[in-house]
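Remarks on the structure that follows.
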Amino acid sequence: NQCYDTLFCSMPSPSLSSPSYAAVIARRRTVYRGGFRSSICDLFSNPSRRADFCALACCGIFQSDVNRYLLNGERPSWCKRLAINFGLPLLALILVFVVVGLTTDKNKDTTTQNQSGTGGYALLGFYILVVALLMRGRLARMKLRREVMRRIHENRESEVATEDFLSAYNRDICCAEMSCCGCYANDVTYILDNSVEEELEDIPQPDFCTRLFQNLGSICCGACCQCWCQCCGMCAIGQEEREISALVPKDRQLVDYITFEPFVEYYTRIVELRQNASHSFQAHVRAISKLSKKLLFSLGIALLLLTVLALLRVDKQFEIGNMLVLIATLLQAFLILYFVHWRWNRFVLSFDAVIKFFASGFLLATSTAMVYEWVLSILVGIISYFVIVFDIVAESPEQQANEDPKQYMIHYLHTHVWLFAVAVFVNAFVIAALCEELCKYFSFWMCPHPDLTSEADWNEISDAYSEEQAGANGNAKSGGPNLIKTFAEDAKEREPKSMGTAITVAMVTTALGFACCENLLYVFGSASGESLGMEAKTLLLRSIFPVHPLAAAIQSIGVCRRDLEGDKLIGLGRIIFPAVLLHGTYDFVLMLIALLIGIRHVDDIFMNDDAFNPETQMPKIELTPADKILQFIGLAFGFVMVLIGFAYYVQQSCSQKARMAEMQVERSRRNQDESELPLVV
């Protein structure tokens, strides 16, 4: 009754010096702990998989819910989840402030130590509540993982009892689903026969993200501790999704996030609108899915609550004027969407898809980018700190001892501008451009929609579909296989040019959601505490340079070449490189000009104690004419970069449309030849 890993641990591994190593390595395969078909660290190993990024976004909450629904049919109550996971901590935090305030009012004559002690106990209770909620989520994930492993073991013919199998892997289950961080034992390898060579040929070619994740895993996990480092169970959620996708029929996997509404239940209405060429906005709204309705309802509730807060003047920094700026920020994105989608491409991509892609960019791309940018900023900051310290130590100790520290730092900043310019370069191209472009791409890629499902995918689903499965899933009333064949015919009738435009509109919509949320953060974050005019000025400056939508449109050129033209040489690196180059150059010039202006005034900042605004914690700088010239150069360069990016997109788009027109002619000729073939009995 040994488990899978102990069965094969004793098998020898091939020697690197063996002359037959090349033949042996082709027969080398990995036995993954728990009987899984893939490693827990195999995120992004298959570039065509859409759910890997969803396992990282929002700590994998949405993907974990989908896994639970597909495996057990459980539908989590989001009202209950919000009340427990957000309502309770918020209520506890409010109680902490109330207790501290009451204690301070009642004990004005007591010592500060007693007051801080009361506040400390209140904060301790809040932290205990947060830890308890994290443990609650961990237990739920452990239960799901145990059920997945149970299904894996039951589908295999083994003499090992199921409960014994699960008990042997109980420690692995606990390590994989840690609330914060944990270590999961490395996978075990053994040798198979020659039949594996055929399976190895089907492994997809790795792309930029695959190699990046593998290198990080090798450095942080393989080389350091021989264990896979886990964070919030995100890698485990991705592994479970890959396993469930093999256990569950593909037609059952075609559901929306959160509501789990099958595609076939609402896509019929969208296809009818496209075929009838309906121009009624009300008809397009009635055709949207349950998830889109929930998203629109949530937006309306949020705007209503913010309007009430602005009218009541609960916060002096958020009044009715600030609310109007917020609405203007949203309207700026909606106005672009009006032209990009409704005015020009309403039948290419459905209104339902626009809502979902915009929400994906607004909520998932922004939140994920903020987290990973924060992590990268810390790493770059630590490296920069040690570089500067070593550089200062290497200088003359006598000069440091005889000079005032402030004067020495001013001298150091003036003489080492290049060092800070390098830090700005890394910040612009790696932390900002690369991270944000990746998050925008994966927020589009992780959001499946029937509008972008190809004819081949619909046919594959139709072949695997059956009336019995349709009845079991509650889709019998939808017509099951007949509807899927209808969807396949609709996808077949759409020209490659139409599908390419749909991809472009979807990616631009995702980028608009990201840019809208980022604008709100800049307007009410960086400009917080400033005048209403400063907030409006910040919004205006960020609106006239639509870098994010333009970068997404450039990305769509590569996605269309890969998915529609079938160019296998196009990977993620080639897709995002032009967008990263445009975005990074734009940010680098603006950041470099801000650095130069700051260094010009570093004497005033260091030597003047009142140089910082107490509300914004930003340095108060009186701009000179030279500074204004630098700012003008930055704005002019930003405008030029937008023009260059737009010209590049137009040139690439025209070339791609010509290639797609040739594809359509070839497809029409092939269909005509097939229709003229004689019927063979």
Side-chain angles (χ1 to χ4, degrees), residues 50-51 54 62 65-66 69-70 73 75-76 78 248-300 337 341-342 345-360 363 444 446-455 457-462 464-465 467 469-494 498-499 502-503 505-506 509-510 513:
R50 296 178 177 268
C54 194
F62 299 112
D65 288 344
V66 173
Y69 169 76
L70 293 178
R75 295 175 178 264
W78 273 88
V248 177
K250 190 170 183 179
D251 61 277
R252 284 191 56 198
Q253 302 174 34
L254 300 179
V255 295
D256 284 335
Y257 291 107
I258 301 178
T259 59
F260 312 115
E261 183 182 13
F263 289 173
V264 295
E265 291 190 1
Y266 66 86
Y267 192 52
T268 306
R269 303 190 295 269
I270 295 175
V271 172
E272 290 177 355
L273 286 175
R274 183 183 297 123
Q275 293 175 347
N276 298 331
S278 175
H279 294 270
S280 171
F281 181 72
Q282 290 79 5
H284 285 262
V285 172
R286 287 194 298 268
I288 64 177
S289 62
K290 295 179 181 178
L291 177 58
S292 295
K293 292 177 182 177
K294 287 183 178 293
L295 291 172
L296 291 179
F297 178 77
S298 301
L299 175 63
L337 275 179
H341 171 254
W342 183 255
N345 301 298
R346 74 183 72 175
F347 300 118
V348 171
L349 192 72
S350 64
F351 183 59
D352 176 77
V354 168
I355 296 173
K356 292 174 180 175
F357 284 116
F358 186 88
S360 180
L363 299 173
F444 154 77
M446 64 164 282
C447 187
H449 195 274
D451 276 342
L452 302 181
T453 303
S454 65
E455 177 193 358
D457 291 337
W458 284 124
N459 289 331
E460 180 183 353
I461 298 167
S462 179
Y465 208 99
E467 291 289 350
Q469 291 172 342
N473 297 335
N475 298 333
K477 62 181 181 180
S478 303
N482 294 329
L483 276 182
I484 292 182
K485 291 179 180 179
T486 302
F487 301 155
E489 289 295 326
D490 177 73
K492 182 178 181 180
E493 293 175 359
R494 300 180 68 180
S498 175
M499 291 295 294
I503 291 174
V505 174
T509 302
T510 306

- Among all residues two or more places apart in sequence or in another chain, which pass the side chain to side chain donor-acceptor pair (under 3.5 Å) test with Arg346? His279
- Message: Checking Asp65 now: which residues fulfil side chain to side chain donor-acceptor pair (under 3.5 Å) with it, not counting sequence neighbours?
- Response: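 If we apply the side chain to side chain donor-acceptor pair (under 3.5 Å) test to Asp65, skipping adjacent residues, the hits are Arg68, Arg81.
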[X]: which residues meet the side chain to side chain contact (heavy atoms under 4.5 Å, CB included) condition with it, sequence neighbours left out?
X	value
Leu254	Phe263, Trp458, Ile461
Ala353	Leu349, Ser350, Phe357, His449, Asp451
Ile258	Phe62, Trp78, Leu291

Do [X] and [Y] come within less than 4.5 Å of each other through their side chains, counting heavy atoms only?
X	Y	result
Phe487	Thr268	yes
Asp256	Tyr266	yes
Phe444	Ile503	yes
Pro76	Phe260	yes
His341	Thr509	no

- Considering all heavy atoms, the nearest Val248-Gln253 contact: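 Taking every non-hydrogen atom into account, O-NE2, 2.9 Å.
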- Message: If I compare all heavy atoms of Ala283 with all of Leu273, which pair ends up nearest, and what's the gap?
- Response: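 For Ala283 and Leu273, the tightest heavy-atom pair comes out as O-CD1, 3.6 Å.
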- Query: Which residues satisfy the salt bridge (charged side-chain N to carboxylate O under 4.0 Å, His left out) test with Asp457, sequence neighbours excluded?
  - Reply: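 Asp457 satisfies salt bridge (charged side-chain N to carboxylate O under 4.0 Å, His left out) with no residue once adjacent residues are dropped.
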- Query: Does Val348 offer a backbone N or O that forms a donor-acceptor pair with the side chain of Arg494 under 3.5 Å?
  - Reply: yes
- Message: Would the distance check show the side chain of Arg75 and the main-chain N or O of Tyr69 forming a donor-acceptor pair, the cut-off being under 3.5 Å?
- Response: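 Not a single qualifying donor-acceptor pair exists.
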Nearest 0.5 Å, please: how far is [atom2] in [Y] from [atom1] in [X]?
X	Y	atom1	atom2	value
Glu261	Ser292	CD	OG	9.0 Å
Asp490	Glu272	CG	CD	11.0 Å
Gln275	Glu493	CD	CD	6.5 Å

- Message: Ignoring hydrogens and geometry beyond distance, is a side-chain donor-acceptor pair present between Lys356 and Ser289 at under 3.5 Å?
- Response: yes
- Item | Aromatic ring pairing Trp342/His284, orientation class (parallel under 30°, perpendicular over 60°, tilted between) | perpendicular
- Message: One thing to verify: whether Arg269 and Asp352 come together as a salt bridge, which I'm taking to mean a side-chain N less than 4.0 angstrom from a carboxylate O.
- Response: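 No, Asp352 and Arg269 are not salt-bridged.
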